[in-house]
Number of protein chains: 2
Amino acid sequence: MSPFTPPGETREKVYRFVRRRIIEDLPPTVREVQEAFRFKAVQTARQHLERLVAEGRLAKARGQARGYRLPREPGTLFVPLLGRVQAGGLREAIEACEGYIPVQSRGSAEMFGLRVQGESMTGAGILPGDVVIVRQQARAASGDIVVARVGDEATVKTLRLGRNRIELHPANPAFAPIVPRADECAILGKVVEVRRYLA
Amino acid sequence: MSPFTPPGETREKVYRFVRRRIIEDLPPTVREVQEAFRFKAVQTARQHLERLVAEGRLAKARGQARGYRLPREPGTLFVPLLGRVQAGGLREAIEACEGYIPVQSRGSAEMFGLRVQGESMTGAGILPGDVVIVRQQARAASGDIVVARVGDEATVKTLRLGRNRIELHPANPAFAPIVPRADECAILGKVVEVRRYLA
DNA sequence: TTGAATAACAGACAAAAGTCTGTTATACAC
DNA sequence: GTGTATAACAGACTTTTGTCTGTTATTCAA
């Protein structure tokens, strides 16, 4: 009454099914796995799932609905995409963000996305309309590409540290470096990723 | 016995809490919302949740554990990141991919990520080491940046359609256009996004 | 043959989670 | 006042979901 399938074959399919569901949507319940594979018994699905956990390919939270997870959190988080940063600071801009974009990140640093305006960084492969992903931090190293607030506007530049002053260098010979007074400038964060959406 | 909070204030917090959970992790259960806000009754959490659904700010699947969702699916999917595409085709490369990266996408097209090698596209702001996100398609329009297989190697170039032939143009004067024979070349897909990881 | 391992099934129980009915209190408009 | 709306609570019921015990069948190795 019970057809025999090669060892591990069904389990592999179960793994792929569960992983897909976890990654794209919502972890499945045991019975959803059962139904997806037309098992006649819940226990069959559970057996496969538990074995996947034992093999370390899945992790689970006991007794919790939809408790199956991927063993290592993929570390994907969503960061707010800002159109522009105006006076006042990030808080307001983040509150009024355009939307959220997925970013892969190991730590739990606060981040945001910012749409780049102007051609001052084309030499570094950052074009107008590109989105930079920024990790919030008030300090950065010389040579880092940073987002800084100068007066009331936010700008993307390469940071150069001089003695007692900071310089913001464009990566485009048509633009001049900015050497702001310390009290009218603040580093908002470091650019950790650049994205360009083409289609 | 029941403190009064301004209308909508708690609901706003509940919304943010639920959205965060949906986006980053796993939709919360009603009781998890209850506990997060120290409500003494499940119904209080449920009331807020149901009202958010009525307002259209949340969607839900009735009677399902962790059934609350965002009204419009954020459409995030994970695409395989390929180190390089060799002979044979994409199938094998995708099977042996380096990992998965999150991509925002409305449709359900098959996509993959590819790490760029060489400097032939620097003029288009695509530098060595950048990752291009590619939507799989066998045809593309003149001017599109595509990933094409020429012989046994995959390459990123701008597509130009001539009469009865295709041309693959680099975006760097130091490189020459490629005009492959039709039988030794195939378009693998169109570049829809460029990413550069800096830190 | 015997035993071990795997795949699958049957039927139930227990806990988790969704749902419901009804109550109290505050604010606000009339 | 009266009525309406919102916020919050109490307690229970129902469904969903996770878990468990036990059984049958097939393959493979000793």
Side-chain angles (χ1 to χ4, degrees), chain A residues 1-22 24-71, chain B residues 1-22 24-71:
Chain A
M1 198 73 87
S2 67
F4 193 79
T5 50
E9 193 176 282
T10 305
R11 178 131 62 258
E12 195 58 33
K13 288 181 190 164
V14 171
Y15 172 69
R16 287 176 186 281
F17 172 80
V18 175
R19 190 178 69 169
R20 218 190 165 76
R21 286 287 305 268
I22 294 176
E24 291 186 355
D25 191 25
L26 185 71
T29 64
V30 177
R31 276 173 183 81
E32 279 169 2
V33 174
Q34 177 196 350
E35 280 152 33
F37 288 87
R38 305 286 163 92
F39 292 138
K40 302 257 174 69
V42 211
Q43 186 61 1
T44 306
R46 222 177 97 79
Q47 232 170 75
H48 285 294
L49 289 167
E50 287 304 320
R51 233 165 273 191
L52 285 166
V53 171
E55 290 168 13
R57 305 181 69 188
L58 287 179
K60 75 172 289 200
R62 266 189 66 105
Q64 191 184 68
R66 305 178 188 279
Y68 291 92
R69 314 288 180 83
L70 294 179
Chain B
M1 202 73 90
S2 67
F4 192 78
T5 51
E9 193 174 284
T10 305
R11 177 130 64 259
E12 196 57 34
K13 288 181 191 167
V14 170
Y15 172 69
R16 288 176 186 282
F17 172 79
V18 175
R19 189 178 69 171
R20 216 188 168 77
R21 285 287 305 268
I22 294 175
E24 290 186 355
D25 191 24
L26 185 72
T29 64
V30 178
R31 277 172 183 82
E32 280 169 3
V33 174
Q34 177 196 350
E35 280 152 34
F37 288 86
R38 306 286 162 93
F39 291 139
K40 303 256 175 69
V42 210
Q43 185 60 1
T44 306
R46 221 178 98 77
Q47 233 171 75
H48 285 294
L49 289 168
E50 286 305 320
R51 233 166 272 192
L52 285 166
V53 171
E55 290 169 12
R57 306 182 68 188
L58 287 180
K60 76 173 289 196
R62 264 191 68 104
Q64 191 185 66
R66 305 178 187 279
Y68 290 93
R69 312 287 179 84
L70 293 179

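Letters A, B, ... mirror the listed sequences (proteins, then strands); counts begin at 1.
When each of dA7(D), dG18(D), dT19(C) is scored by its nearest atom to the side-chain atoms of Arg62(B), the top-ranked nucleotide is dT19(C). The His48(A) side chain lies nearest to dA8(C) when the options are dA8(C), dA17(C), dG18(C).
The CZ-C1' distance, from Arg69(B) to dG18(C), rounds to 15 Å in whole Å. Between the CZ atom of Arg31(B) and the P atom of dG18(C) there is a distance of 7 Å, given to the nearest Å. Note: CZ (Arg11(A)) to P (dT6(C)) measures 8 Å, nearest angstrom. Computed from coordinates, the Arg51(A) CZ to dA5(C) P distance equals 11 Å when rounded to whole Å. Between Glu12(B) atom CD and dT6(D) atom P the separation is 16 Å, expressed in whole Å. Put simply, CG on Leu26(A) is 16 Å from P on dT16(D), counting in whole angstrom units.
Using a 4.0 Å cut-off, some side-chain N or O of Thr10(A) falls inside it from OP1 or OP2 of dA8(C). In this structure, Lys13(A) does not reach the dA7(C) phosphate: none of its side-chain N or O atoms is under 4.0 Å from OP1 or OP2.
With sequence neighbours excluded, no residue forms a side-chain hydrogen bond (donor to acceptor under 3.5 Å, both in side chains) with Arg46(A). Residues satisfying the side-chain hydrogen bond (donor to acceptor under 3.5 Å, both in side chains) criterion with Glu32(A), sequence neighbours excluded, are Arg21(A), Arg66(A).
Contact detail for Val33(B) and Pro28(B): the closest heavy-atom pair is CG2-CG, 3.9 Å.
Near DNA chain D, defined here as any heavy-atom distance below 4.0 Å, the residues from residues 33-46 of chain B are Phe39(B), Lys40(B), Ala41(B), Gln43(B), Thr44(B), listed numerically.
Counting heavy atoms from C-beta outward, Leu52(A) and Arg11(A) have side chains that approach closer than 4.5 Å.
Remark: aromatic rings of His48(B) and Phe39(B) are close, center separation under 6.0 Å.
Counting any heavy atom pair closer than 4.0 Å across all strands shown, Gln64(B) reaches sugar-phosphate atoms only and no base atom.
Rounded to the nearest 0.5 Å, atoms NZ (Lys60(A)) and CG (Leu70(A)) are 15.0 Å apart.
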